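Some notes on the structure that comes next.
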Amino acid sequence: MTTSGTVRSFGLIALSVADFYTSLLRCLDELGLATEFWPVPVEIAGAVPFAEDRTHASYNAGEVRRFWLTLIEADRVFTMFRGRFLGKASPVHLFWGALDLAVSRFSGRPAPPHPGGAPNCGPRVMLEAYSHEVCSAGYWPGGDPEGIFYSYVYPEPEGYREFPIRPAGAYFSAELGEFVLPYPLVRTAADPDSVLLEFLQSTYEAAASCAHWNRRALERLN
């Protein structure tokens, strides 16, 4: 819908990626909102361009709704966590690549140039995203049947991986280079908000303590 009230739409049904992509571009064109897209999925090795992908064509409305509800609850807790920080912090946002919901805190200090390496993602993107020291946390629907909560820091300081974190069941994944909290541990907890906030806080403390951030200036103490 545009501000003039003009509407274009198409149904969320089992379409191939190519048909969905074509329908989306057609609607934007008809609304006078022609938009340039990078036409290949990023952060996916061997990705097929959207306009050519007729292999992936399923749509499960129930699973999509459950994913949406997960994002709503995660967004609420991430927003609470973000409010505890006085320094520069990102909004809670959905990454276009791995489709993870994330929130980032920054120390205010510049970081060494990021080496890049994400599949189908230009190095300039990574250089800009990691231009300053950052601790990021989020929910990723991959990595486990129900997805995972994660937390990492760039650049990674000495002692970070060995730093004691909470709650029980959270751990450092050498494969991902991140702290991980399996989603079922949050979903089945008596107080899911507290469990997730404990993970977010303790992994932030790991990053800020090991990297010697100015925590007195950056954190809300009351």
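Computed from a predicted model, the values in this text were never measured in an experiment.
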Inset, instruction - Would you please test Asp100 and Tyr150 for side chain to side chain contact (heavy atoms under 4.5 Å, CB included) and show each step? - result: CA-CA 10 Å; Asp100 51 318; Tyr150 66 84; 2.5 Å; yes
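- Contact check for Tyr204 versus Glu219: side-chain heavy atoms found under the 4.5 Å cut-off.
- For the pair Arg82 (side chain) and Val103 (backbone), a donor-acceptor distance under 3.5 Å is absent.
- Under the 4.5 Å side-chain criterion, counting only non-hydrogen atoms from C-beta, Leu101 is in contact with Phe78.
- When all heavy atoms of Ala111 and Pro155 are compared, the closest pair comes out as CB-CD, 3.9 Å.
- Every salt bridge (Lys or Arg N to Asp or Glu O under 4.0 Å) that Arg76 has, sequence neighbours left out, goes to Glu73, Asp193.
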Legend entry - side chain to side chain contact (heavy atoms under 4.5 Å, CB included) evaluation trace for His132 with Lys88: CA-CA 11 Å; His132 288 69; Lys88 179 182 176 180; over 6 Å; no
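- Heavy atoms of other residues, nucleotides or ligands lying less than 6.0 angstrom from CD of Glu63 number more than 12.
- Residues Leu99 and Phe67 have side chains in contact (heavy-atom distance under 4.5 Å, counting atoms from C-beta outward).
- Residues Arg26 and Arg8 fail the side-chain proximity criterion, which asks for heavy atoms closer than 4.5 Å.
- Using a 4.5 Å heavy-atom threshold, the side chains of Ser151 and Phe172 count as separate.
- Counting only heavy atoms from C-beta outward, the side chains of Pro192 and Val77 never approach each other to under 4.5 Å.
- Hydrophobic clustering, with ILVMFWY side chains joined whenever heavy atoms are under 4.5 angstrom apart, keeps Tyr130 apart from Phe95.
- The shortest non-hydrogen separation linking Ser16 to Asp53 is CB-O, 3.8 Å.
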Legend entry - Verdict with supporting geometry, Ile148 and Leu176, side chain to side chain contact (heavy atoms under 4.5 Å, CB included): CA-CA 11 Å; Ile148 59 172; Leu176 297 175; 3.8 Å; yes
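- Side chain of Thr203 to main chain of Leu200: a donor-acceptor pair is present (N/O by atom type, distance under 3.5 Å, no hydrogens or angles).
- No side-chain donor-acceptor contact under 3.5 Å links Trp213 to the backbone of Arg215.
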Inset, instruction - Could you give me the CA-CA distance, side-chain angles and deciding distance for Phe106 and Phe85, then say whether side chain to side chain contact (heavy atoms under 4.5 Å, CB included) is met? - result: CA-CA 10 Å; Phe106 297 87; Phe85 196 67; 5.7 Å; no
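- Taken together through direct or relayed side-chain contacts under 4.5 Å among Ile, Leu, Val, Met, Phe, Trp and Tyr, Val42 and Ile44 form parts of separate hydrophobic clusters.
- Heavy-atom minimum distance, Pro184 versus Glu146: CG-OE2, 3.6 Å.
- Through side-chain heavy atoms spaced under 4.5 Å, either directly or across other Ile, Leu, Val, Met, Phe, Trp or Tyr residues, Val64 is tied to Phe10, Leu12, Ile13, Leu15, Val17, Phe20, Tyr21, Leu24, Leu25, Leu28, Leu31, Leu33, Phe37, Phe50, Tyr59.
- Residues Tyr160 and Phe179 place their aromatic rings such that the two centres sit under 6.0 Å apart.
- In terms of hydrophobic clustering, with Ile, Leu, Val, Met, Phe, Trp and Tyr side chains grouped at heavy-atom distances under 4.5 Å, Leu86 and Val134 are assigned to different clusters.
- Going from atom OG of Ser209 over to atom CZ of Phe163 covers 4.0 Å, rounded to the nearest 0.5 Å.
- Cluster membership check: Tyr139 shares its hydrophobic cluster with Met80, using side-chain heavy-atom separations under 4.5 Å among Ile, Leu, Val, Met, Phe, Trp and Tyr.
- Taking every heavy atom of both residues into account, Pro41 and Val48 meet most closely at CD-O, 3.3 Å.
- Atom CZ of Arg105 sits about 15.0 Å away from atom CD of Glu133, to the nearest 0.5 Å.
- Taking each heavy atom of Asn120 and Gly46 in turn, the nearest pair found is ND2-N, 4.4 Å.
- Here CD of Glu198 is found 9.5 Å from CD1 of Ile165. Values are rounded to the nearest 0.5 Å.
- Of all the heavy atoms in Ala57 and Ala14, the pair that sits closest is O-CB, 3.4 Å.
- The hydrophobic clustering, which links ILVMFWY residues whose side-chain heavy atoms are closer than 4.5 Å, places Trp38 and Val125 together.
- Taking CD of Glu178 as the reference point, atom CG of Leu181 lies at 12.5 Å (rounded to 0.5 Å).
- Note that CG of Asn60 and CZ of Arg66 are 6.5 Å apart. Values are rounded to the nearest 0.5 Å.
- Using a 4.5 Å heavy-atom cutoff, the side chains of Arg166 and Glu205 are in contact.
- Listed for the Ser90 side chain is a donor-acceptor partner under 3.5 Å among the backbone atoms of Ser104.
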